[in-house]
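Basis for what follows: all heavy atoms, side chains included, without hydrogens, waters or symmetry-related copies. Lettering of chains follows the sequences in order, A, B, ..., and the numbering in each one begins at 1.
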Amino acid sequence: MSDTGVTVKKCQDFSEWYVQVVLKAELADYAPVKGCMIIRPDAYAVWEKIQEIVNQKIKATGHRNAYFPMFIPEAFLKSEAEHFAGFTPEVAWITMGGDTPLEEKLAVRPTSETIMYSMYAKWIRSWRDLPLKINQWCNIVRWETKATRLFLRTREFLWQEGHTAHATAEEADAEVMWALNMYKDVVENYLAIPVVLGTKSDSEKFAGANYTTALESIMPDGKALQMGTSHNLGQHFAKVFDVKYIGEDKQDHYVWQTSWGITTRLIGAMIMVHGDDKGLIMPPKVAPIQVVIVPIPFKGLEAEAIAAKTKEIQDSLRAKCISVTLDDRTEYTPGWKFNQWELKGVPLRIEIGPRDIKNGQCVMVRRDNGQKAFVKNEDIIATAEKLLGDIQDSMLEKARAILADKTTLVATYDEFKQVVEGKGGFIKAAWCNSPECEAKIKEETGATIRIRPFQKEEAHTGCVYCGKEAKEVVYFARSY
RNA sequence: GGGGCCGUCGUCUAGCAUGGAUUAGGAUACAUGCCUGGGGCGCAUGCGAUCCUGGGUUCAAAUCCCAGCGGCCUCACCA
């Protein structure tokens with residue numbers, strides 16, 4: 001047994017397991033620049049899938065893609081005070097052009113609200129120009145000082161940011177919810193990761209927003225990970241950048257704005273949630289390779305028949321738009337290939353050997369549960385399609401069960417602390433809505449309010465911290 | 001930014017406590033040839049290391065000291 005594969009168990013040393021899966025499955029690598037990563041083709045292909053899915057959804061609803069500069073003048077970033085205060089600790093600045101100092105330094109975008117809205121002010125004249133719904137796919141930079149975690153914390157990462165302007169507050173509210181639900185669909189139905197939807201507490205909301213909604217999930221180590229956010233920016237930026245329109249009433253009005261985003265962090269979540277001791281498990285809907293075919297030669301027996309049949313299956317699967325690889329490399333043994341493709345997370349494997357030629361069948365093995373099935377020739381394509389669907393479904397189902405298991409309702413602060421230190425995960429607790437209690441809890445336990453769920457529950461106790469009347473039940477957790 | 005741990009062929013690692021004799025050793029990967037093939041095959045040959053970088057101590061540094069860089073864990077902050 002070499003160390004080509006993952007050498008630690010997921011449940012024993014989760015951090016080490018994660019690093020090994022990412023590196024050994026060739027998803028990413030450390031860059032020569034501190035805090036930066038290289039997204040390798042197998043992971044980039046997943047990002048492209050996500051782009052495909054999101055693009056389809058946003059274009060179908062009238063959003064259009066565009067591209068704005070990655071450099072933002074300092075004055076722009078400063079113009080919204082709360083926004084600037086929130087981002088300034090982690091902005092990278094450009095101060096030189098060649099060997100000439102710049103008159104005004106330029107921020108490398110940590111997010112694009114300011115540069116985009118400065119243009120919106122120019123483009124929006126009348127109510128007929130609204131709503132304006134623009135999205136961009138780009139890289140952004142946040143100069144983290146903390147240790148690099150591939151996909152989860154890097155100084156540069158890829159994301160999508162939607163920025164819309166509306167005539168009314170109601171429209172902006174609706175857009176915020178549209179984006180959030182669009183993300184829920186992507187994350188749950190494609191990445192097979194169950195999420196909890198809700199709003200952020202004031203202390204956790206986006207710098208410069210009226211309110212922030214988000215999708216949160218729990219990773220296998222018990223820490224929460226934000227899977228996407230959708231902000232209602234109100235008129236804060238509109239007032240700062242003078243984004244106004246003349247309404248049907250002939251009066252000037254500020255627009256109502258939203259912004260929303262998901263990042264390559266989702267790939268990290270997918271790895272963590274679905275992987276096992278053998279490596280990665282890709283949800284079929286985003287897997288760059290959905291099926292791998294491994295021929296099993298045996299002393300030249302039926303060699304030609306095997307070659308013909310594997311090729312035929314490959315062609316038929318491709319005709320059904322299933323992404324398939326025929327691994328007919330002669331320098332590796334079948335067993336080696338099994339391990340390799342399992343490490344890389346290919347959802348379904350088809351084996352064809354002399355025995356299968358004789359019996360008019362093939363062997364199919366599911367990556368998610370290891371189940372092996374003998375499938376008659378005439379059923380191969382239909383069965384492969386069905387199994388890919390089943391795998392997608394059961395991955396979500398399994399993840400749902402884990403999420404439920406990692407969600408604990410607590411009645412007392414002692415219980416709260418015990419869960420934080422113990423199994424972690426979401427801790428549902430009653431809260432009085434005071435920032436002081438929230439801050440104290442964070443200080444004493446490291447847990448923050450991840451989400452105030454849309455699905456409201458009656459407070460079952462007083463505030464878990466102060467004991468006074470609770471306003472709602474919220475989800476606490478330690479987070480990434 | 002704070003604290004802890006770490007850095008030797010592509011990868012994993014021995015050597016480092018007690019400086020000198022290993023030509024810096026092994027495994028794996030890679031290349032070539034043969035042989036194999038239903039769960040990481042075997043044999044042979046070959047290729048492969050600025051011992052992270054820069055200083056210092058010393059007759060002598062992979063080994064000791066200092067600084068820097070990078071990684072991992074952890075705390076504060078974030079997607």
Practice problem: With the side chain of A:P297 defined as its heavy atoms from C-beta on, choose the nearest nucleotide among B:rC72, B:rG38, B:rG37. | Solution: B:rG37
Quiz item: Nearest of B:rC72, B:rG39, B:rG38 to any side-chain atom of A:E342?
Solution: B:rG39
Quiz prompt | ring pair (Phe, Tyr, Trp, His ring centres under 6.0 Å) partners of A:Y413, counting only residues at least two apart | solution = A:F416, A:Y465
Exercise. For A:W341, enumerate each residue passing the ring pair (Phe, Tyr, Trp, His ring centres under 6.0 Å) test, keeping only those at least two apart in sequence or located in another chain.
Key: none
Quiz item: For B:rC77, does either OP1 or OP2 sit under 4.0 Å from a side-chain N or O belonging to A:K442?
Solution: yes
Quiz prompt | Contact under 4.0 Å: A:R149 side-chain N or O vs B:rC73 OP1/OP2 | solution = yes
Quiz prompt | Counter-base of B:rG10, judged by Watson-Crick or G-U geometry with both distances under 3.5 Å | solution = B:rU28
Self-check item: B:rC59: pairing nucleotide in any strand, Watson-Crick or G-U under 3.5 angstrom
Solution: B:rG20
Quiz item: Just checking A:T154: base, sugar-phosphate only, or nothing, at a heavy-atom cut-off of under 4.0 Å?
Solution: base
Quiz item: Which value, in whole Å, describes the distance between the P atoms of nucleotides B:rC52 and B:rU45?
Solution: 31 Å
Quiz item: Using the P atom in both, what is the distance from B:rG48 to B:rG26, to the nearest Å?
Solution: 14 Å
Practice problem: Among residues two or more places apart or on two chains, list those pairs meeting ring-ring contact (aromatic ring centres under 6.0 Å, His included) that have a residue in residues 356-380 of chain A. | Solution: none
Pairing residues for [X] by the side-chain hydrogen bond (donor to acceptor under 3.5 Å, both in side chains) criterion, not counting sequence neighbours:
| X | value |
| --- | --- |
| A:H83 | none |
| A:S203 | A:S201, A:E438 |
| A:R109 | A:Y67, A:N139 |
| A:K57 | A:D185 |

Quiz item: Going 5' to 3' along nucleotides 46-51 of chain B, which nucleotides have protein heavy atoms under 4.0 Å from the base (write B), which only from the sugar-phosphate (write S), and which from neither (write -)?
Solution: ------
Quiz item: Parallel, tilted or perpendicular for A:W260 and A:H63, by the 30°/60° rule?
Solution: perpendicular
Quiz item: Which way is the base of B:rA17 turned, syn or anti, if we draw the line at 90° from 0?
Solution: syn
What's touching nucleotides 3-8 of chain B from the protein side, N or O pairs under 3.5 Å?
none

